2 protein chains.
Amino acid sequence: MSHKWVPNLSVDCVIFGFDADQLKVLLVERTLRTTDKKNIVFSDLSLTGYHIYEDEDLDSAAARIVKDLTGLDKLVLEQFYTFGSLDRLEHPNDKLWHEQFGDVFSHRVVTVGYFSLLPSTKVKIAQKDRVVRWYSVNEVQNMAFDHNQILEKALFHLRYKLQHDAIGLELLPDKFTLSQMQRLYEAVLGTSFDKRNFRKKVAQMNFVVPLKEKQHGVPHKPAQLYMFSRDIFMRTRKERPYFI
Amino acid sequence: MSHKWVPNLSVDCVIFGFDADQLKVLLVERTLRTTDKKNIVFSDLSLTGYHIYEDEDLDSAAARIVKDLTGLDKLVLEQFYTFGSLDRLEHPNDKLWHEQFGDVFSHRVVTVGYFSLLPSTKVKIAQKDRVVRWYSVNEVQNMAFDHNQILEKALFHLRYKLQHDAIGLELLPDKFTLSQMQRLYEAVLGTSFDKRNFRKKVAQMNFVVPLKEKQHGVPHKPAQLYMFSRDIFMRTRKERPYFI
DNA sequence: TCAGTTATTGTATTTGTTACACTAATTATA
DNA sequence: TATAATTAGTGTAACAAATACAATAACTGA
């Protein structure tokens, strides 16, 4: 792998997680200090991204970036949109940030957005020189560059996919209860569902398979555990669910 | 507008049309001749695309490319995917083609795919130095570069959109009959619908509005004409049609 | 005027969606 | 050890949407 990167092409990854009944996103703190390092000029949040290398395709760049932040391989990773406005790196804080790096970032940069899904508990954050943390998607604002916009678009796609695909199940742990699954859908879509009707729907999804196991240690009736069979899903998905 | 183009970033446009009950795509002939211009080395088909300029955003580049080919402005134009494999310009004919231009195309190029929809009769093709023609999407094969793959993905997105959006109506002329509309949906989706049930569906789409006008000059019962009101559609679309 | 062609319309059946409330199993606490 | 607290789990009736299906109407060309 060459480490010559392409100056005007980057990949940004929106890493979604789910935890405590909330949809989360993994973000990095961006803090600009005065040259004597004593004071903070500003501090905000950013997605994780980087330029692509000259001999690297887009999917590999996204996988590299996600692995670099989470230590994890083989996550679901999906391209959702490419951002190329001329003013995408032109907000006041971003200009200050650029100045710190001289003209390295003075080129026009187009970035390809990917999103990744995982249960947020799977990530062991171990970053030396960066502050990385899960944020509830509802509490995030004032992000670096055009990252608010990228997150917005990623969320839109996630909601869309959730309704037409089983991809949302990637956000749940390996073993989950139907109540957890329902709360996931409710959190992401911002609605609420009737418990019985939700379960009737799930019962038709043959890729959500009951395990021979129940919760334990909970102070109430323990729930049946289920798993997501990617295998059954791939084999039985219908190709084109027409709406008309 | 600067005319310095970015060497490793391009936009490719898939221009869809509809005509004679078939989904069409507007393609350009790519013919490589021997240096004495007497013989043809090969000839194949290509989408229309070009590098972006340094001070041009992606949507503008796509609009420029579509206008250049069709002479038309203000068409529906939608980004659908970005292609960045390392081998996307590496098929045998493509290498021969590159050699003709020296090393201008020797960089690695990532391309952003857009698609555009219009009734194919709207285009007056008037290209001096290029052969441009509508092809039925079913008859197209052996395209330049990775354009088969780009077309495939565009088609997938078009089918997807057709089912969740009114965008397909952009392929019909300003005044159309319900039979034309049905044949459009059948051609794009590759299915057939019951006429009465199809019309019941359309009756619920308040953005498909009947005109005070009928067909004339047809050798059979003349059909009622309808129009697509983009305005009503925008005002009445529901934000999130949940599936669960 | 009649043959050919496409347009237009309704109903019964099946399928899916919604609304709704009680009992069961576990832990914590009195 | 009984009881309170908490979440899990389940069925049915009403309503809405999707499907299957065939006869009559309006025009042109021969």
Side-chain angles (χ1 to χ4, degrees), chain A residues 18-22 162-164 166 172-173 175-187 189-206 208-227 236-238 240-244, chain B residues 18-22 162-164 166 172-173 175-187 189-206 208-227 236-238 240-244:
Chain A
F18 184 68
D19 188 18
D21 296 351
Q22 291 197 304
L162 213 62
Q163 295 164 57
H164 303 286
L172 293 171
K175 299 171 182 185
F176 56 87
T177 71
L178 296 185
S179 296
Q180 280 178 291
M181 179 174 166
Q182 181 171 348
R183 288 193 297 265
L184 166 67
Y185 275 76
E186 291 178 339
L189 299 176
T191 1
S192 65
F193 299 106
D194 175 82
K195 202 203 288 192
R196 278 173 288 194
N197 294 338
F198 184 88
R199 282 163 190 244
K200 257 179 277 180
K201 271 284 193 190
V202 176
Q204 289 162 220
M205 302 177 183
N206 55 358
V208 177
V209 302
L211 300 170
K212 292 191 182 72
E213 196 177 344
K214 295 193 168 195
Q215 277 184 315
H216 41 86
V218 289
H220 53 75
K221 177 169 173 178
Q224 172 75 45
L225 291 170
Y226 291 78
M227 63 168 283
T236 61
R237 69 191 304 170
K238 27 180 159 61
R240 303 189 293 188
Y242 298 124
F243 99 115
I244 198 167
Chain B
F18 184 68
D19 187 19
D21 297 351
Q22 291 197 302
L162 213 63
Q163 296 164 56
H164 302 286
L172 293 172
K175 299 172 181 183
F176 56 88
T177 70
L178 296 185
S179 296
Q180 279 177 291
M181 179 173 168
Q182 181 171 347
R183 288 194 296 266
L184 165 66
Y185 275 76
E186 290 178 339
L189 299 177
T191 2
S192 65
F193 299 107
D194 174 83
K195 204 200 288 194
R196 279 172 288 193
N197 294 338
F198 185 87
R199 282 162 189 245
K200 257 180 275 179
K201 271 286 191 187
V202 175
Q204 290 161 220
M205 303 178 182
N206 56 357
V208 177
V209 303
L211 299 170
K212 292 190 182 71
E213 195 177 345
K214 294 194 170 194
Q215 278 184 315
H216 41 84
V218 289
H220 53 76
K221 176 169 175 178
Q224 171 76 45
L225 291 169
Y226 291 78
M227 64 167 284
T236 61
R237 68 191 306 169
K238 27 180 160 53
R240 303 189 290 189
Y242 298 124
F243 99 115
I244 200 164

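In this text, all values refer to a predicted model and were calculated from it rather than measured experimentally. Numbered from 1 within each chain, the chains take letters A, B, ... in sequence-line order.
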So, does S179(B) get its side chain near the phosphate of dA7(C), meaning an N or O under 4.0 Å from OP1 or OP2?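 So the side chain of S179(B) is within the cut-off, an N or O lying under 4.0 Å from OP1 or OP2 of dA7(C).
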Does a side-chain N or O from K201(A) land closer than 4.0 Å to OP1 or OP2 of dT17(C), or not?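 Indeed, a polar side-chain atom of K201(A) lies that close.
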Got a donor-acceptor contact below 3.5 angstrom from the [X] side chain to the [Y] backbone?
{"X": "E186(B)", "Y": "S192(B)", "value": "no"}
{"X": "Q224(B)", "Y": "L211(B)", "value": "yes"}
{"X": "Q182(A)", "Y": "F193(A)", "value": "yes"}

Send over the distance from [X] [atom1] to [N] [atom2], rounded to a whole Å.
{"X": "L225(B)", "N": "dT6(C)", "atom1": "CG", "atom2": "C1'", "answer": "14 Å"}
{"X": "F198(B)", "N": "dT9(C)", "atom1": "CZ", "atom2": "C1'", "answer": "16 Å"}
{"X": "F176(A)", "N": "dT7(D)", "atom1": "CZ", "atom2": "P", "answer": "20 Å"}
{"X": "F193(A)", "N": "dC20(C)", "atom1": "CZ", "atom2": "C1'", "answer": "18 Å"}
{"X": "Q182(A)", "N": "dG9(D)", "atom1": "CD", "atom2": "P", "answer": "12 Å"}
{"X": "L178(B)", "N": "dT9(C)", "atom1": "CG", "atom2": "C1'", "answer": "12 Å"}
{"X": "Q204(B)", "N": "dA16(D)", "atom1": "CD", "atom2": "C1'", "answer": "10 Å"}

Under 3.5 Å, is there any donor-acceptor pair linking the side chain of K195(B) to the base of dT9(C)?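 No.
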Side-chain donor/acceptor contact of R196(B) with base of dA22(D) under 3.5 Å: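 Side chain to base: pair present.
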Please tell me which of D194(A) and P219(B) maps to the more 5' nucleotide of DNA chain C, matching each residue to the nucleotide holding its nearest heavy atom.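 Here P219(B) is the residue nearer the 5' end.
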Nearest heavy atom decides the nucleotide; on that basis, is H220(B) or K214(B) closer to the 5' end of DNA chain C?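 Of the two residues, H220(B) wins.
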Compare all side-chain heavy atoms of H216(B) with those of P222(B) and state whether any distance is below 4.5 angstrom.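 Counting from C-beta outward, H216(B) and P222(B) never come under 4.5 Å.
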Side chain proximity check, H220(A) to Q215(A), heavy atoms < 4.5 angstrom: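 Yes. Closest side-chain heavy atoms under 4.5 Å.
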Considering heavy-atom distances to DNA chain D, does N197(B) or A223(A) have its closest nucleotide positioned more toward the 5' end?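 Nearest nucleotide further toward 5': that of A223(A).
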Looking only at side-chain atoms of K200(A), point me to the closest of dA26(D), dT19(D), dA19(C).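 Ranking dA26(D), dT19(D), dA19(C) by closest atom to the K200(A) side chain puts dA19(C) first.
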Among dA24(C), dA26(D), dT9(C), find the nucleotide with the atom closest to the side chain of K221(A).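 Of the candidates, dA24(C) comes closest.
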Within the 4.0 Å heavy-atom criterion, would you say Q215(A) contacts the bases, only the backbone, or no part of the nucleic acid?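 Counting heavy atoms under 4.0 Å across all strands, no contact is made by Q215(A).
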